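Take a look at the structure below.
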Amino acid sequence: MYRTPRVLAPIAACLLAGCGDASLPTGAAEWIWPETAATEAGQPAAYVLLADFELDAAPDEAARLFVTADQEYAVHLNGHQIARGGFRRGDPIHEFQVAHLLRAGANRLTIEVRTPYGDGGALAGIELADGSMPVTTDRTWRFLDTWDPLAVKGAAPAEDGREAGIVRSWGRPPVGRWGRVVRGELARLEPIWRASGPARIVRVSTSPGLDVLPAERSAFRVEFGREVTGVLELEFRPEDRGGERRLTLCRDRDCQRRPLVLTPGRPAWRDSAPRTFDTVVVYGLRELRAVRARS
């Protein structure tokens, strides 16, 4: 049965009224989301949004990418992973210098988005030094529901071997639960971080933060042996099966549990922000190959 996504009710009135205009700090950028997600509201979901655009020449001055997504995102430009983050109402949306990654001719911008709710929104664009925006999120974008590294790099068409899905637009800001947005300060691109590995990775049947597991499910307790602060990264066998997945982060026995949302076909997951923890419990994966805290 069709379920109305959480974003539809507050957005409907704004769409009818024509909210948003091109004078906004995000220009013509619209909040977008995969069309099929409307039938899956309430369930964890992950997608790759993508758009191709042309430039007459590579910019020799600043070019700024602005981006945010509800709840979490990772953005790539021409195959280069730029950064990751998430949406918090009232916070400025994120901005990054990307002139050195743009090239004359064809360019591809991709945004991997994850949400525990099934529906959400992404807002992004690139602004050149003259104020023009060669790409902004709108109805012309497409999405993939399975990770494809060649498509993300722009080395293969989005429709190569399968059809890219259609997105829907919620409209320009201010819209629904996202309200008005403001541009933020220029941030550094994602660096190559130092990595800390855990002291132990143990398969378990019960652990703090977990119920007793069904026999066919797996859970792993990951002990770092000390308190670490960083971005948690997991590597595992690519997971295409359904089922509940959870992540519990503990700090001195104070544990917080959250859904673990994976992009189908991608053999890795990285958190959207740095956190502090000493123990991690991963529930619902078949095989956990590596765990790191990058700082």
Side-chain angles (χ1 to χ4, degrees), residues 43-46 67-75 81-91 94 96 111-117 120 147 184 187-214 217-239 241 243-264 266-295:
Q43 299 298 317
V67 59
T68 189
D70 181 7
Q71 275 195 329
E72 299 176 336
Y73 74 83
V75 61
Q81 182 169 286
I82 296 173
R84 56 188 59 242
F87 173 80
R88 292 181 59 183
R89 187 182 175 98
D91 285 355
H94 308 141
F96 305 94
I111 308 173
E112 180 188 0
V113 292
R114 305 190 304 238
T115 174
Y117 309 124
W147 180 256
R188 293 196 316 163
L189 298 184
E190 191 167 82
I192 300 175
W193 294 319
R194 297 186 303 274
S196 300
R200 291 195 300 163
I201 301 177
V202 182
R203 188 185 296 267
V204 296
S205 58
T206 60
S207 190
L210 291 178
D211 301 323
V212 176
L213 303 178
R217 291 307 180 98
S218 298
F220 299 88
R221 182 179 178 88
V222 182
E223 298 180 355
F224 280 79
R226 59 185 176 87
E227 187 177 280
V228 297
T229 298
V231 176
L232 180 65
E233 185 177 80
L234 311 177
E235 290 186 8
F236 42 83
R237 185 193 309 179
E239 296 277 335
R241 62 177 183 145
E244 182 183 7
R245 302 183 183 95
R246 297 198 303 266
L247 182 68
T248 300
L249 272 62
C250 300
R251 179 184 183 185
D252 193 23
R253 299 185 180 180
D254 179 18
C255 298
Q256 295 184 341
R257 187 171 64 181
R258 52 189 282 222
L260 176 62
V261 183
L262 307 181
T263 302
R266 187 170 191 185
W269 176 93
R270 186 183 291 172
D271 206 350
S272 61
R275 308 178 198 275
T276 300
F277 49 87
D278 53 47
T279 302
V280 178
V281 181
V282 183
Y283 169 96
L285 291 181
R286 185 174 303 172
E287 178 183 344
L288 184 60
R289 294 176 174 172
V291 181
R292 287 179 289 271
R294 295 192 178 271
S295 60

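The figures that follow rest on heavy atoms only: side chains count, while hydrogens, waters and symmetry mates do not. Predicted, not measured: the structure shown is a model, and the values here were computed from it. Numbering starts at 1 and runs along the sequence shown.
Across every non-hydrogen atom of Pro116 and Gln71, the tightest pair is CD-OE1, 3.1 Å. Considering every non-hydrogen atom in both Arg294 and Ala195, the closest pair reads NH1-CB, 3.8 Å. Scanning all heavy atoms of the two residues, the minimum distance from Pro198 to Val291 falls at CD-O, 3.1 Å. The shortest non-hydrogen separation linking Ala46 to Pro264 is O-CD, 4.1 Å. Scanning all heavy atoms of the two residues, the minimum distance from Gly85 to His94 falls at CA-CE1, 4.2 Å. For the residue pair Val67 and Phe96, the shortest heavy atom distance occurs at CG1-CE1, 4.0 Å.
Between the side chain of Arg84 and the backbone N or O of Arg270, at least one donor-acceptor pair lies under 3.5 Å. Judged by distance alone, with hydrogens and angles left aside, the side-chain atoms of Asp70 form no donor-acceptor pair with the main-chain N or O of Gly120 at under 3.5 Å.
The shortest side-chain heavy-atom distance between Val281 and Arg221 falls under the 4.5 Å cut-off. By the 4.5 Å heavy-atom criterion applied to side chains, Arg245 and Pro44 are not counted as neighbours. Counting only heavy atoms from C-beta outward, the side chains of Arg266 and Glu112 approach each other to under 4.5 Å. Counting heavy atoms from C-beta on, the side chains of Tyr283 and Glu244 come closer than 4.5 Å.
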Self-check item: Verdict with reasoning, Val282 to Phe236, per side chain to side chain contact (heavy atoms under 4.5 Å, CB included)
Solution: CA-CA 11 Å; Val282 183; Phe236 42 83; over 6 Å; no

Practice problem: Kindly determine whether Phe224 and Val280 satisfy side chain to side chain contact (heavy atoms under 4.5 Å, CB included), including the steps that lead there. | Solution: CA-CA 8 Å; Phe224 280 79; Val280 178; 4.2 Å; yes

Practice problem: Determine, step by step, whether Leu234 and Val222 satisfy the side chain to side chain contact (heavy atoms under 4.5 Å, CB included) criterion, reporting the C-alpha distance in whole Å, the side-chain angles of both residues, the deciding distance to 0.1 Å, and the verdict. | Solution: CA-CA 11 Å; Leu234 311 177; Val222 182; over 6 Å; no

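Residues meeting the side chain to side chain donor-acceptor pair (under 3.5 Å) test with Arg258, sequence neighbours left out: Glu72, Asp271. For Glu235, the salt bridge (Lys or Arg N to Asp or Glu O under 4.0 Å) criterion is met by Arg292, not counting sequence neighbours. Take Glu227 and apply the salt bridge (Lys or Arg N to Asp or Glu O under 4.0 Å) test, not counting sequence neighbours, and it matches Arg251.
More than 12 heavy atoms of other residues, nucleotides or ligands sit less than 6.0 Å from atom CZ of Arg289.
Of the inter-residue distances, the one linking Leu232 atom CG with Ser196 atom OG reads 11.5 Å to the nearest 0.5 angstrom. Rounding to the nearest 0.5 Å gives a distance of 11.5 Å between CZ of Arg257 and CG of Leu247. Rounded to the nearest 0.5 Å, atoms CZ (Arg203) and CG (Leu285) are 10.0 Å apart. Within the model, atoms CZ of Arg226 and CZ of Phe277 stand 10.0 Å from one another, a figure rounded to the nearest 0.5 Å. Between the CZ atom in Arg286 and the CZ atom in Arg237 there is a gap of 5.5 Å [rounded to 0.5 Å]. Taken to the nearest 0.5 Å, the CD1 atom of Ile111 stands 9.0 Å off from the OH atom of Tyr73.
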